[in-house]
Structures are given as structure tokens and as C-alpha cells.
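Note that the structure is predicted; figures quoted are calculated from it, not measured. Hydrogens, waters and symmetry mates play no part in the numbers below; they use all other heavy atoms, side chains included. Throughout, protein chains are lettered first and strands after them, A, B, ... in sequence-line order, and every chain is numbered starting at 1.
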Amino acid sequence: KTRAAEPLKVGVYGGYFQESFDKFIFPDFTAATGIEVESVAEPTGEAWLVQLEQAARAGRAPADVNMMAQTPMLKGQSTELWVPLDPAKLPHMENLLEQFVHTYPDGRIDGIGAVAWYITLVSNTDVFAEAPTSWADMWAEDKRDTLGLLALATNSFLLEITAETHFGGQDILGSEEGILEVLGKLAELKPNVKLWYRDEGQFQQALQTGEIPMGQYYHDVAGLAAAEGFPVRSTFPKEGGVNDSGSWAVTRASTMIEEAHVFIDYMCQPEIQASLSRNVGTAPTVRRDLLDLTEEEFSAVASDIPPIVPNYQMYAERGDWLEQQWIETITS
Amino acid sequence: MSDLRLDSIVKRFGAVTAVDHVDLTVPQGCFVCLLGPSGCGKTTLLRMIAGLEMPSGGRLLLDGEDITALPAHRRGFGMVFQSLALFPHLTVAENVAYALSIRGADKAAQRARVTDLLELIQLPDIAERQVSQLSGGQRQRVAIARALAVDPRLFLLDEPLSALDAKLREALQVELRLLQRRLGVTTILVTHDQREAMTMADTIVVMDRGRVQQSGRPLEIYRNPANAFVADFIGTSNLLDGRARGGGRIELPGGEVAASGGPESGAVTASIRPEDLRLSAGAPAGANCLSGEVVFVRDVGQTVETHVDCAGQRLVAVAIPEGDPPFSSGDRVTVELPAEAIVVFPA
Amino acid sequence: MSDLRLDSIVKRFGAVTAVDHVDLTVPQGCFVCLLGPSGCGKTTLLRMIAGLEMPSGGRLLLDGEDITALPAHRRGFGMVFQSLALFPHLTVAENVAYALSIRGADKAAQRARVTDLLELIQLPDIAERQVSQLSGGQRQRVAIARALAVDPRLFLLDEPLSALDAKLREALQVELRLLQRRLGVTTILVTHDQREAMTMADTIVVMDRGRVQQSGRPLEIYRNPANAFVADFIGTSNLLDGRARGGGRIELPGGEVAASGGPESGAVTASIRPEDLRLSAGAPAGANCLSGEVVFVRDVGQTVETHVDCAGQRLVAVAIPEGDPPFSSGDRVTVELPAEAIVVFPA
Amino acid sequence: MRSPDTGRTPRTLADHAPVIYPALMLLVFFVVPFGIMVTISFFERVPGGFYQPTFTFDNYGRFLSAFFGNVLGFSLGLSALAAVICVGLGFPFTYLLTRLTRRRQILWLVFLLSVLSLSEVIVGFAWSTLLSRSAGLSNLLVAVGLLEQPESWSPGFAALLVGMCYLAFPYTVLLLYPTLVRLDRELVEAAMTMGASPLRAFFTVVVGASRNAILSGLILAFVFTLGIYLLPQLLGRPQHWTISVMITDQAIFQSNLPFGAAMALFLMLVSLSLVGLTLLLGRRRAA
Amino acid sequence: MMGLWGIRVFMAAVALILAAPLVVIAGVALNEGRVLHFPPRGFSLQWFADILRDSGWSNALFNSLSIAALSATLAVSIALPLAYFLWRWRVRYAAALYTLGTAPFVLPPVISALGFLAFWATVGLYGNYVTVVISHAIFFVTLPMVTISLGFQSIDRGLVEAAATMGATPGQIFRSVIFPLVRPYIVSGFAFAFVLSLNEYIVAYMVAGFTVETLPIKIFNSLRYGYTPVMAAVAVVFVAVALLVFGLIARFGNLPRLLGALQGRET
Ligand SMILES: Nc1ncnc2c1ncn2[C@@H]1O[C@H](COP(=O)(O)OP(=O)(O)OP(=O)(O)O)[C@@H](O)[C@H]1O
Ligand SMILES: Nc1ncnc2c1ncn2[C@@H]1O[C@H](COP(=O)(O)OP(=O)(O)OP(=O)(O)O)[C@@H](O)[C@H]1O
Ligand SMILES: [Mg+2]
Ligand SMILES: [Mg+2]
């Protein structure tokens, strides 16, 4: 066992998420490895990426290990922000589903799946007695001015949702004309949207009070809120929830590469993944058969309905163009 | 036909009584000066007349009509403020025409009136100037013209000349008085300068601590001050502490003198004007003469002021030098106090 | 032993020549008043003497030693500023002791000196007061005490009394002069008030537009002004435009008069003091008499000023009222101009 | 300025000594950063990464589109409106404030300064609550009977405008305060003795004599609200996102510093020229 | 105007509108549960205690207070000699210097913040504690500069000259006359910079982001992920600090004069 002079700084999304990690995961890790952990609240992936990048240029690491969503993972690759990970030091990596091992184009590993989560359709139970069943419900006439949606193309995945719901699949997103067509459909949604949020808390507050009774949100956090007694529910629409995930990635400015490997490896253990599912509400990144989750526990964090898989490559390839089209669509 | 009457006017600011039961009648066409030391309530009284301050008690009557509660903008008076209060964002012409434009007079009428008024104040060419481009004396005249623009029923001025230097002030006093006579407008002017008041007023109202101490024609007040305060405030006076001995005789530190009136006994103050004292060289020779020593001579050419110490009291005598060499410090002199010039008040 | 000499002192501010070749000698113990209208360069001159301004040319000599380049804090002069410049964050005692504390004098010595000085200015009880708790007159005296704290070689005052009201000013003029005599300190005082200068000065230096117009004893200047500017500035003068006819005769608009000197021909200005004019009722009877009409009478009790219009020129006569009723506006009068009182300058 | 050792030209190094350190600090930490920003605005953006030194006008070019034209137009219009409201309310308010006793003025000023120290985040949150259906002011109106049922007023243009005015109001008042507190009360009284009613006197004299202060107040509120970037996200809808939001977006979410810098500079130039124009017009009118 | 009642209603309305957000914030901070309900449900002061108890918040509080104190000190140290120089000497570039001192505060904050970001990223000092201190000092240098300049302007130059005629050298004059007279203005300039630095967000975010977490950044983070009443509690504390600081200035200094009124006008 190693004992570091400084704590290992681990970046996780703030709020409920961070609190759950602090409560259920990190103490056990410290107990098991002797490595102190300091959790750092991360903002939305894009903002955090910029922070990490700036800090790395100054040789600083706001957090050593970071939980990064897929789009920022890809963006970070272009500046070699992520330290290549050594598979030899990650024996538990073999437990992972293969899509959760993230690599540079040349094959070097730069990220290991940390947790998976679903973006689902959430609603306030006081306002809507009946749960909505389809993403298409968002387009309904009677939902005027009631929705809260994520404001960035890269974290809302509304293009994929629209394509799956109204265009029978994501093939249409293969060309710029197709994307524009999807955006056109998405534009019809605008009268129904009350809040385009950048930051979760803003919507969560509004959802809990019923101010904005419906929208897209994180399945795990909605579950935690419901567990605390707020009139909130999360529904997997029949088209599927959006399945996104976060990977552990280590910034090149980190001086604690060894400890980072220990941490990432620790997190790949099935018991830990199960604990995450039970306590944090995220979906596991290891193979189902290795887990001791009951059927009930599993369906609480995931669904059997096939998920909508985000089109990360599209964001990486058409970055600025897509971003400009997106902002013009939603702001006009 | 503007006859103003103040009926027992009182003004309190919290614990301070700024104006204390003032009664006053100002007949049509009269020029009244409110005179008194700083803080005596002159401005407050004038502001109540203008309607800028509400009396705490008493009534204001104009031609018999009660105007106590009439707001300033309905009184139709003209007022010149100590600060002049010319509108800095308007030209001279716009300032002068302000009252007319408020009344909605047409442009041509305004222009005509402005021309008249600027001629009246002998500044026909400054209509288009900015206020900031005027000298002190010019501003002062513009403020007067502005206040006269709509033929005020009453013309009020609050120390309009106090910011000007001595020569200009003296000249404008004469001008203003002549102008008022020409227009015949009833005028009330506030000042703390007795010389100014004596130059201009038909009636002087001497105030102290909120009360009227005396009012009357200038020379009347000068010659017969009602009390020691007035005697000292109007012009300079030699005020001597003494005791009345009966029969008009007063015992002063330097000797006994005869006076023309006053109380029969008790502590008194004898007042005598500097120009009524007569100085002569040598020892006292005659009645009402005191002996003293010259301590200072202020010879300003036009008049000579001789300060004489008589048994510890300082007397000042003024004379126009008549070619004879004045006394100088250290000379022993005899001071004669003519009985008819001594005014005696109870101390 | 402080004998100050100004040797052709010049001061330019850019294009403005504020002081223009001034030569002046101030003997030990003398009280000099620099007198002149606003902007004539008095303050600038005084500040150069104090070392607060560097002359553009000329030399300053103190007891023969050239001090032109000596900085103010090494000159050891005392100065009283027009604004008084009392330190607002210090008590009266600390203000007075400032120069001593700068020199590192010990506390006891400072205290003793402060007590002495406050007695000198007759305010022994105010040592611990804040400056803001003093009246105008008290401040003025404290400023004087402060400037005298280290026995200045030269005592400089820039209009120290101008902010005070008339009565206090007159009283302090006398006090200051008496104090200066007692201490024997060489003193230079700046003023624009001729009455003040005449009250206090041994020598008056009349300045205009940066130049010395005349310097000399007060009455000398009053009686024999060097030019029309001085005549008008020192006291009031009636200045009449006329033409010299030779043999001392001057043609004025209202008639011809004899004068006691002046040019033989050409345009001239005749100057005569108001107190030298004699007024009488009725038509002219005799030489040097003009006929005119009374336009205004300023009777302030102590003196009567009669404004007379003589053929378009305004003459002012002053007299002490002698019981006889003064003239009133509109009266026709005869004005006598005594030949020996007329001073004539080339126009 | 006339004095021995104040107000003259400094000559020796010792005379200059005091200015060296502050000038250096401002130069290094303000002028240089500003210069770097200008430089970066001509750099080329590396997607996903940062920028590389080249010289290109592309960043400015991208900005010259109908879309950003609209955003800029909206931002300027919003700020102008907010400025007019701030001064429109702030001017009479400040005038009345200066007529209070000194004690009350001080209380007000302390209060205003405290309000001024609230950060944008907090103000945004507080107003979104105040304007919400569940906890907002509309509940009060319902309680009083003026409204049938609570309404949601946020997010929206009005909410954004309220928030912006709230932020800028204290600054506006503090800017107008000196002028109005020094305004000679006798000006109004003079107008009244000449027959102007108090309201008339206010408009013809107080407003007239304070023209310059009003103009500066407008400019201050305008520039200040132009810089607000959080409120539009908290209280506005996407169509209300201002140019400052876009700039922050580029810097925070898109890591497109060259484009952000170009927008920032463009914004600065536009607002400076508007300010200059306003001053020019004001001067012409005053002359 | 509008009658006395109209005036009162108008002033009261302004007071209410200005106070309304404060009421909301104060109310929200009292919620018993971890929700931002208004009006509050239940009553609890635990969120105020949390500011000190929770190491995240207390660190942020410490960061904010120390950064505010240091940057205000630094700002004063820049502003004081500059204001002194501008007052004492007449130089041609005075206006340029003054403008330079006021520019950071007058420009839209995003612009200054971007400039700082670019600068610190270039020199490689992004994300340091010192970086925030210096950036705030520069960003707020305007405030002490304006107040201290005001202080110098209020010194009658005659005082300086009087001291000189009484034998004081320039150094003695500075110590015995000038400094004591501008001291109150220095204190207020410091206070203004201090309070505003406490609440500054964008510059701190851009130059240090999450590596040096100040309270406003922490608050904004709370806005991102689940609102917590602690952020309201912090805001209340900040308003209280501002009230205290400005209240003290009002009590012991001359606030109206600082804000530009003429000295000694009416009482
Ligand atoms: N608005 C006010 N509030 C309180 N006290 C006042 C007010 N106005 C005047 N006073 C007090 O009333 C008294 C009279 O003041 P007023 O201004 O009338 O004097 P004044 O004779 O005009 O003096 P000055 O010659 O100095 O102008 C003073 O004691 C003054 O302090
Ligand atoms: N520092 C300066 N810079 C430029 N001009 C100056 C300066 N000081 C004085 N002057 C000019 O020099 C001339 C003389 O000024 P000074 O102050 O000496 O006059 P003064 O006789 O004291 O007048 P006052 O009676 O008004 O005080 C004036 O024209 C003035 O404008
Ligand atoms: Mg008055
Ligand atoms: Mg002078």
C-alpha cells in the first residue's frame, strides 16, 4: 500500500453526485489503499475541459483524475490533454464492457469508463398525473412553455433524440443537409421550451417546485430527488433513454499518475460498480454477469429498452459548424 | 396696488425659532430693507413672504387677501436669490424669458420683453450669452431683469449684492434704488450691511434673533436707536457702560456727563456716534469732557478715526480731516461728548 | 536685522507676466502693504518672497544675502494665507506648535511657547480645541500665532482678513497693527482694500498689472497720487475728463476751473476727492464752481454722499452731516472745486 | 494649480519615483493583457484545442453575419432600454434622495452600496424566484385579488430587463448623486417664484441643468448592462442571450479564445463609438 | 412634486423593489430542508453554520476573504502613489495615467476577464492564488484611485505651503500633513475594493476557475448542481459584511462627500 503526501484530487460532477461519492465510495477507497481523496466539483464537461486545458498549460491540475463525458474526452485528445494509461497497472480493466475503454486514434488508452447514465424524460408528479411515454410528447400542443432542455448540442443529444423519434433512426445525421432537417424539426419544439439550461441545478430547482414540470434530465439525479420525497419522476421513453457515460481521464499536469492508476483500477471492480448503482444511481460499466445486482436494482438505474446512443463522432467532426447551427436554431 | 401685511408671523425649525412674531406692513411702492446680523431670520422671513417656506404661525395678507397658504408659483412675486440662481443651462435671454415661457407667452412677445429688460439693466447685447460667460455684476443685473419680467406684485431680494466687490456693490446699490423708483415696484431687500440698507431703504426693519428690534426711516433709526443693539448695529457707536445718577446725569468711568434723557437710575449704556465726539488737545475744559490717551489713528484720507482710551473704555471719534494734523498715538486728548448726542438705554 | 530687497523681480506664467520688474526695499520693522486690484500680481509677488514661487528674473536679497533660490522651508519666514490653511487634523495647540515640532523642539518648550502665543492673541483658553470649533475671527488669530511661533525674520500675510465681516475686519486691522508694532517684526501684507492698507501700513505699494504704480506713506499717496489709476484706487476720486488751457486752467464740460498744476495743454484727467467738493444751493457764485443737479443722496448717517450730475459727468461729494438737512434728488446745486484740491494728469 | 511643490512638472528621477511602480503594474497587468487579447483575436483557432499564432481576420469575419448582427442589435437595444429605464427612474429618485436630511441620505446610500455588492448570480436567482409562479410576487397579487391565479414571469424579456435594471440602478444613482446633491436648490425655488409649478420646475430646471449627468448616467448604465452575461442565461430565453453571453460561451464552453476575443473587441469598439456619438450629440445640443 | 404622498409612495416602492431580492435570499437561507423554498419551509440556521462547518465552503470563504484583503491592499498600493503623483505634479500624460487606472472597471467585465485569461495563460501562471489577487487588484484599482484622488483634491494646497513656510521638508510634509488627511479616503478605497472583490465572479473564474475556489464561484457551482441554501446564507453574510463596512464608513467617515457631495453642505 502506498501513502501519498497529498490527497489525490478526483473530479466528479457536483451536487448530489459528488455527495454520494464522498459518502459511499471515497472513504472505502482510502481505507482500502491508504490514498487520501479530495473530491472536486466539476462543472459541465465543456467548461471543465477548458479549465483543465488552461490549467495544464500552466502546469496545474485542478483535479488529477477527472470524470469526463465523451465529447470533451474527444476534444481533449486533440491537445494530448490526457495521460496515456498503462493497461499493466489496470488489472481490473478486463471487467469492462468494451465500449468503455477509450483510446487515442493510435490505440493508446486515455480513458476508462467510470459510470454510465441515462438522460430520460422527467416530469413533476403534481402537475402530470400520468407519466409521458415518448420523447414525441415534448412536441405536443399542450406542452406549451413547460419544458426544460439542456442548452448545448453536445450534452443534450437532442439531435439524436429527434432523429430517433421523428426520422426513424440516426442515419439522417450523416450529412449536413440531414442535420439541418433534424434541426428544423427541433425548431418546432421551441415554443414548448421554457428553459434552456446550461446548469443542472437551475432546472432541478424548477422541476421540483413544478415551475417547469417536464423536460430532459439525468435519470440518476432525478431518482435521488424522488427518493428525498420531491414530486419528481423519471421515465424511459419508448424510443429509449440517451445513454451517455463518463470516463476517468488523467490530466497531463497531474503529478500523481501512480495513485491515479490505483484509483481507476479500484473503480473497475464489480463490487464498486454495484455500489455505485445502488447508492449513486448510475448504470454500471462492467459486464452485467459480474455484478450481484438484482433485477430490480438493475432496472432502477437502467432499462431494457434499447438506448439512444450519442453520435460523438458527429460532434468531433463538425464541431464549430454544428455549434453555430445549433445556437442559431435555438436562439432565433 | 400691492399692500403687504405680515401678521404675527412665526417660523420654527425644530427647537429653533427662526422668526418670532413679526408684524410688518409694507405699503405699495415702498422699499423695505430687512437688516440684521447673520442668522437673525432675515432669509427665513423673506422666504415665507415668497411662499418658499410655510409659516408655523401668523398670516400673510396681500391687499387684504390671505395668501399664507398660496404656493410660491401662484403668488406672482419676483425674487432675486443670494446665489442669483440663474439657470446655467439657459442663455441670458432664456433666463429672462423663463417666467413668460412658463406662462406660455408667444415667442415674439418674449423676445420683445427680453429686449426691453436688457435695456433696462443696460446690458442690451448679452442676450445670447451663456450665464457662465457673464461677470459677477452682469449676472446680478440679469437676475434682477429675470425677476422683473412679469411685472411682479412684490420684488424680493436676498442679499443680492453681497458677493460683489466693494466698489461695484456701492455702484449697484445706487442703480438698483434708482431702478426701483422708476418702476415703483414694492420691494423687500435682505441685507446685513447697514450701509447698504441706509443707501436704499425707505424703511429699515432691524432684526435680531428672529424679532423686529426697530423699524422706521433710515435716519430716524440712526439718530434714535431703540436699544443698544440697534445703536451698535446701525453704523458704529461708542457704547459706554455707566450708572444713571438722576436728572439725566450719567456716571462713566472717566467722569460724569449730562445726557438728554434716559432712565433715572441703575446701570445704563450710553451710546454716542463717532462723528459726534469732539477731540481737542490738552486737559478737559468744560462739561461733558473726558480725558484720554490716543491709542490708534486710522487715517484713511477721507476720514480720520481716532481711537482714544478713556479710563479703560475705548472711544472712537471720526472726523473729516480739515488740513490740521491729526493726533497720533500716545497724545493725551480731551473728548467732548455733546449732551444732545448721547442716547441712554438701560443696560 | 531683516532688510529685504527686491531687485527687478519678474514672474511670468506662460504668456502672462504676473509681476513685472518690481524693485522694492523693506527696512527692518516696517509694515508694508501691497495694494492693488484683483489679478495685479500681489499674491504672486508675496509668494516669491516666501519662496513658494520661483522668480523668472531678478533677485531677492535679505540683509544683502541672495535668497532667490532658497527653498521656502529654509527661509524662516512666517506666512498667513488667505485661506488661513490651518491644519484641520490638528488641535489649535498642535497647529501653533507645528513649526517647533518640525524643528524637533521638546514638548515642554512647545507647550510654553503655545501658551505665550495664545496669550498674545488673547485667546488663552482654546489650546485643545479643534480648528473646526473656532469662529472666523479666532481662526484668523490662530493663523497669526502659528506664523509667529518661531520669531520669523519676515512676516507675510495674504489678504488675511478678507473673509471676515466688515466690523470684525476693522477691529482686527487695528489689533494686527498694534501687535506688529509691539513685536517689531518686518511685515508685508497683501490686500485689495485701500482702507485696510491705509489703516495698517507704514508704506503702501500700489500695484497694477504687475507693476508698481506708486509706493510711499499712505497719506502721501492719498494726497499726491502719481496717476489717475492710483487716484481712483486709493479712496474714491472724482475723475473728470477735460482739456488743459494753459496756466493751470482746465476746461471741463460744465465750465472752466483753475487747478494747481498739471500739463499746459492736451486732454487731461482732473481728479478731486469727494470730501474736497463743497456743495451749495443755488446758482454758481465764484470761481471754480460748476452747476449741477442732485441725482442721488446716500445718507448713511455718519457721512452723506451726494451724487451730482454736472453736464453729464457724475460728481460725488462727501460730508459729515452737520445738522443741516442734506440736499435731495432733483435739487439744483453749485459744486465748488477748490483749486488746491484738484490734481491733474495727462489723459 | 499654483504652489511651490505641487502642480509643477516633475524633473528628477526622484520626482518620478512614485509613479513608476503603479505605472508598471498597470502596464504589465492591464495593458499587456489587453494587448495579448487583441493579438489573439487575429490568431487561428485549433478545434478542440486552443489557438496558434497566424494572422487572420476570420474571427472578425465570422462575426459579420446576420446572426451575430441580430445578437448585437438585440444586446445594444436591450442595454439602451435598460439604461433609459435606470435613468428614468434613477433620476427622479436621486433628486428626491438629495432632498432628504443628511441622515436619511446616508442610510439610503449604505443600503444602495450593499445592494450594489450583490453578485449577478444571486440577483439572478432572487429575481427568478420573485418572478416564478410557485414562490413569486404574483402570489401576492392573487392574495390581494388582483390576479386569478399565480403566473410565471420568468424567464422572459421582462424578467431579464428587471434583473438588468436592478443591477445597474445603484450604479446609476451613485453616478447621478454628486450632480444632484450639488444642484442649487434655489434654482427650483427661483423657477417657482417665476410661476413654475413644482413638476414644471423639475422638468425645466432640474432636468435641464443636469443634462450632462443624465447623459453620463445613460452611458454608464448602457456600458454596464452590456457587460452582464449571467442574467440573460438565468432570466432570459435563448433569443435573449446577449453578445456577452456569446463571448463567455466561447471562452467557457467552446474554448474558442480567438473568436471570443474578436467579439469582445468588436463589442468594445461598438459601445465606445456609441458613447462617443452620444457625447458628441450632447455637446452639440449644449453648445 | 407629485405631492408629498406621491413622493413617499415612489421612494417606498424603490426601497421595496431594491429590498425584495434581499428578502428572498434571506428567507431561502432559513429553509429547514436542503431546498430553496420561498417562503421558507421550516426554520433553521444550519446553513449559516455550514459555511464554517463544511470544509468546501469554509475554504472558499477563507479564499474570498484573503483574496479580497490582499487584492484591496495591492490595489491601494497601486492607487496611492499614482493618485499622489497626479495630484502633486502636473504632467502631460496625467490624463492617460488616470484613464488607465479607471479603464479596467469601466470596460465590460467580460473584456477585462478575457484579457486576464489570455495573459495568465500565456505567461503560464493560470490558476494560481496570486493570479487571482493580482487580477482583482488591477480590476478594482479604479475604486481606491478615485477615492484617494478625491482625498488629495480635498487637501487645500495652502496647507502644504503653510507647512513649507514653517520649515517642513517635503518628507515631513507628507508625513505630518498629507498622509493624515488622505487616510480616511485610503480606508474607504480599500473598503470598496474589498467588498466588490468578495463578490466578483467572472474574473476569478476566468483566471483561476476551480483551482482557487472563491465564494462566488462556489455559489455558481451550487447553482449548477442542485441549489443549496448555503449559497443563500453566504449571500446574506456578504450583504451583512457590506452593510457593516459601508455603515462604518458612514459612521466614521463622510460618505456623502466620498460619493461626491460637497463637504459641509447642510446638515
Ligand atoms: N431649513 C432649516 N432648518 C433648520 N434651521 C434653519 C433652517 N433654515 C434656517 N434655519 C435657522 O434659522 C435661523 C435663521 O436663519 P436665516 O437663514 O433666516 O438667517 P439669516 O438672517 O438669513 O442669516 P444670514 O445673514 O446668515 O443669511 C438660523 O438659526 C438658522 O440656523
Ligand atoms: N500658477 C499660475 N499660472 C498661470 N497664471 C497665474 C498663476 N498664478 C497667477 N497667475 C496669473 O498671474 C496674475 C497675477 O495673479 P495674482 O494671484 O498674483 O493676483 P492677485 O493680485 O493676488 O489677485 P487677487 O486679488 O485676485 O488675489 C493673474 O493674471 C493670474 O491669472
Ligand atoms: Mg440669509
Ligand atoms: Mg491674491
Side-chain angles (χ1 to χ4, degrees), chain B residues 13-14 43 46-53 70-91 94-105 128 130-133 142-160 188, chain D residues 87 91-92 94-96 98-106 175-219 278-287:
Chain B
F13 293 109
T43 295
L46 194 75
R47 289 168 56 82
M48 286 191 288
I49 296 172
L52 297 172
E53 207 88 62
L70 198 68
H73 62 277
R74 301 247 197 75
R75 295 199 180 184
F77 297 171
M79 178 151 173
V80 176
F81 291 78
Q82 179 163 4
S83 67
L84 300 186
L86 293 177
F87 302 132
H89 57 298
L90 303 180
T91 62
E94 286 166 339
N95 262 284
V96 173
Y98 184 83
L100 294 162
S101 73
I102 285 292
R103 280 165 181 72
E128 292 318 312
Q130 291 295 317
V131 170
S132 57
Q133 297 167 329
V142 171
I144 290 175
R146 187 179 70 168
L148 292 174
V150 284
D151 292 323
R153 297 201 284 170
L154 206 56
F155 188 32
L156 308 172
L157 304 102
D158 189 2
E159 313 213 9
I188 304 179
Chain D
V87 173
F91 187 80
T94 314
Y95 177 70
L96 294 173
T98 59
R99 306 293 104 155
L100 296 177
T101 62
R102 198 170 180 94
R103 238 187 98 73
R104 291 216 178 144
Q105 283 186 42
I106 288 174
L175 182 95
L176 293 172
Y177 181 75
T179 307
L180 284 173
V181 84
R182 287 177 198 184
L183 187 86
D184 189 350
R185 282 167 194 232
E186 291 189 344
L187 289 183
V188 174
E189 293 179 345
M192 282 164 57
T193 59
M194 285 185 275
S197 67
L199 210 58
R200 197 76 192 272
F202 176 78
F203 284 109
T204 53
V205 175
V206 181
V207 172
S210 313
R211 266 198 311 234
N212 289 336
I214 291 177
L215 205 60
S216 332
L218 284 171
I219 290 172
T278 320
L279 284 177
L280 212 66
L281 288 179
R283 192 154 313 144
R284 183 151 317 145
R285 258 194 52 206

Under 4.5 Å heavy-atom distance to chain D, tell me which part of Leu156(B) shows up: side chain, backbone, both or neither. neither
Keeping the roles fixed (side chain from His89(B), backbone from Thr204(D)), state whether a donor-acceptor pair exists under 3.5 Å. yes
My understanding is that only one of Val206(D), Leu199(D), Val205(D) makes a side chain to side chain contact (heavy atoms under 4.5 Å, CB included) with Phe203(D); could you say which? Leu199(D)
Check for a donor-acceptor pair, side chain of Arg75(B) on one end and backbone N or O of Arg153(B) on the other, with a separation under 3.5 Å. no
So, the part of Arg47(B) with a heavy atom under 4.5 Å from chain D: the answer is side chain
At a heavy-atom distance under 4.5 Å, which candidate from Ala201(D), Ser210(D), Ser197(D) has the highest pair count against chain B? Ser197(D)
Examine whether an atom of Phe77(B) lies under 4.5 Å from a heavy atom of chain D, and if so say whether it belongs to the side chain, the backbone or both; otherwise answer neither. backbone
Under the 3.5 angstrom rule, does the side chain of Arg103(B) hit a backbone N or O of Met194(D) as a donor-acceptor pair? yes
